[in-house]
Amino acid sequence: MPELPEVETVRLSLLPIVGLRIDAVEVREPRLRRRLAHNFAAQLNRRTFEAIDRRGKYLLFRLDGGDTLLAHLGMSGALLLQPAGTAPQLHDHVRLHLADGRLLTFNDPRRFGLLQIGREADFAELRRVGPDPLAREFTVDDFLRLLRGRKKPVKNLLMDQQGIAGIGNIYANEMLFVAGIRPARQARRVTRDQADRLYEAMRAVLTRAIQRGGSSISDYRDGEGRTGYFQLELAVYDRAGAPCHRCGATIKRVVHAGRSSFYCAQCQK
DNA sequence: CGCACCCCCTGCCGGC
DNA sequence: TGCCGGCAGGGGGTGC
């Protein structure tokens, strides 16, 4: 579910927990993408949140003492800040009882999400996380280097977290539409002009989506339970058979590597 | 290296 | 009405 804009929206919505201590840790279901370590609760207990960072689709909760709580929402995960006394719901796997009485709850029906506590340098999954597409340091030249010589479809490259971190299926489709490039085009066949447009589209689409609070396709909510609104602005994602807003042609859907791509054959080359 | 497939898991939707 | 297959925003692994 959540891609960079949704994860960033969750991060912003959870900032009020910074400064709060965890008074109790309730593990109701340890079997996530990876099973929670046996000492997970003990390591979290009595720690204080000092900051919340994001890398790609990962959230990093900085704790006093130097440890980090790493969180990934998978396809269906949510982190919810709930009022004191909230009863556990179905698929509430971990509930952190905060010093002010509120709860920080990890809910994830499909259990593709991840929670892990430790030193950031020890997190193997972060070694596969590339630069953030919105970072000032990530230049158009970096982007061009990424495309150069690669035979795989440009959409796969956008979604490869090692090259650029945070883009998933929805936003890859959307930025390719904005840039006028077909998803299946080989990365090395993307012209200089197209690459410039894609770089700009990448930043524009992600920035706009964050401003709109992300896309709530089915069940996405931020930490306060609020939906996003960017789904109302999606040009191609999940619009197969519908008319292109730009030219009126019918939006197509094709499946590559098990994932659906949506595009307008008229507007995208 | 790239890719075509698998897997993990639950929920929902459409067709029969 | 109920059952079944397909599909879903994630990542990871294998074998070719």
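Letters A, B, ... are given to chains in the order of the sequence lines, protein chains preceding strands, and every chain is numbered from 1.
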_Are B/dC8 and A/Phe112 stacked, with the base six-membered ring and the side-chain ring centres under 5.5 Å apart and planes under 30°?_
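Stacked: centres under 5.5 Å apart, planes under 30°.
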
Considering only nitrogen or oxygen atoms on both sides, find all protein atoms under 3.5 Å from nucleotides 12-16 of chain C and state each distance.
| unit_1 | atom_1 | unit_2 | atom_2 | d |
| --- | --- | --- | --- | --- |
| C/dG12 | OP1 | A/Arg128 | NH1 | 2.5 |

Which atoms of nucleotides 13-15 of chain B (N or O only) lie under 3.5 Å from a protein N or O atom, and what are those distances?
none

*side-chain contact (heavy atoms from CB on, under 4.5 Å) between A/Glu125 and A/His72: does it pass, once the steps are laid out?*
CA-CA 10 Å; A/Glu125 29 280 291; A/His72 191 287; over 6 Å; no

*Using modelled atom types only, decide if a donor and an acceptor are shared between the side chain of A/Gln43 and the backbone of A/Gly118 within a distance under 3.5 Å.*
no

Mind listing the N/O atom pairs, protein and nucleotides 5-8 of chain C, below 3.5 Å?
| unit_1 | atom_1 | unit_2 | atom_2 | d |
| --- | --- | --- | --- | --- |
| C/dA8 | OP1 | A/Ser260 | OG | 2.4 |
| C/dA8 | N1 | A/Arg110 | NH2 | 3.4 |
| C/dA8 | N3 | A/Arg110 | NH1 | 3.0 |

*According to a strict under-4.0 Å criterion, is A/His91 in side-chain N/O contact with OP1 or OP2 of B/dG11?*
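Checking B/dG11 against A/His91, a side-chain N or O does come within under 4.0 Å of OP1 or OP2.
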
*Determine whether A/Ile22 and A/Leu98 make a side-chain contact, defined as any pair of heavy atoms from C-beta on separated by less than 4.5 Å.*
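Of all side-chain heavy-atom pairs linking A/Leu98 with A/Ile22, at least one is under 4.5 Å.
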
May I have the distance from [X] (atom [atom1]) to [N] (atom [atom2]), rounded to whole angstrom?
X	N	atom1	atom2	result
A/Arg127	C/dG11	CZ	P	17 Å
A/Asn107	B/dC9	CG	C1'	13 Å
A/Met159	C/dG11	CE	P	8 Å
A/Asn173	C/dG10	CG	P	10 Å
A/Leu90	B/dC9	CG	P	16 Å
A/Gln89	B/dT10	CD	P	18 Å

_Does anything in residues 85-102 of chain A form a side chain to side chain donor-acceptor pair (under 3.5 Å)? List the pairs, not counting sequence neighbours._
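For residues 85-102 of chain A, and leaving out neighbouring residues, the side chain to side chain donor-acceptor pair (under 3.5 Å) pairs sorted by first residue read A/Glu26-A/Arg95, A/Glu26-A/His97, A/Asp92-A/Asn107, A/Asp100-A/Arg102.
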
With rounding to whole Å, what would you report as the distance between [N] and [M] at their [atom1] atoms?
N	M	atom1	result
B/dC3	C/dG9	C1'	22 Å
B/dC5	C/dG6	P	15 Å
C/dG10	B/dC1	C1'	23 Å

*What nucleotide among C/dG9, B/dC9, C/dG11 has an atom nearest to a side-chain atom of A/Lys57?*
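Ranking C/dG9, B/dC9, C/dG11 by closest atom to the A/Lys57 side chain puts C/dG11 first.
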
_Dot-bracket summary - DNA chain C, pairs being Watson-Crick or G-U whose distances fall under 3.5 Å, with | when paired to another strand_ = .|||||||.|||||||

_For A/Gln268 versus A/Arg182, what's the shortest heavy-atom pair and its separation?_
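For A/Gln268 versus A/Arg182, the nearest heavy atoms are O-NE, 2.7 Å.
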
*Looking just at side-chain N and O atoms, do A/Glu6 and A/Tyr171 make a donor-acceptor pair shorter than 3.5 Å?*
yes

N/O-N/O pairs, protein side and nucleotides 2-5 of chain B side, under 3.5 Å:
| unit_1 | atom_1 | unit_2 | atom_2 | d |
| --- | --- | --- | --- | --- |
| B/dG2 | OP1 | A/Arg150 | NH1 | 3.0 |

_Heavy atoms from other residues, nucleotides or ligands near CZ of A/Arg188 exceed 12 (cutoff 6.0 Å)_ =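 Enclosed.
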
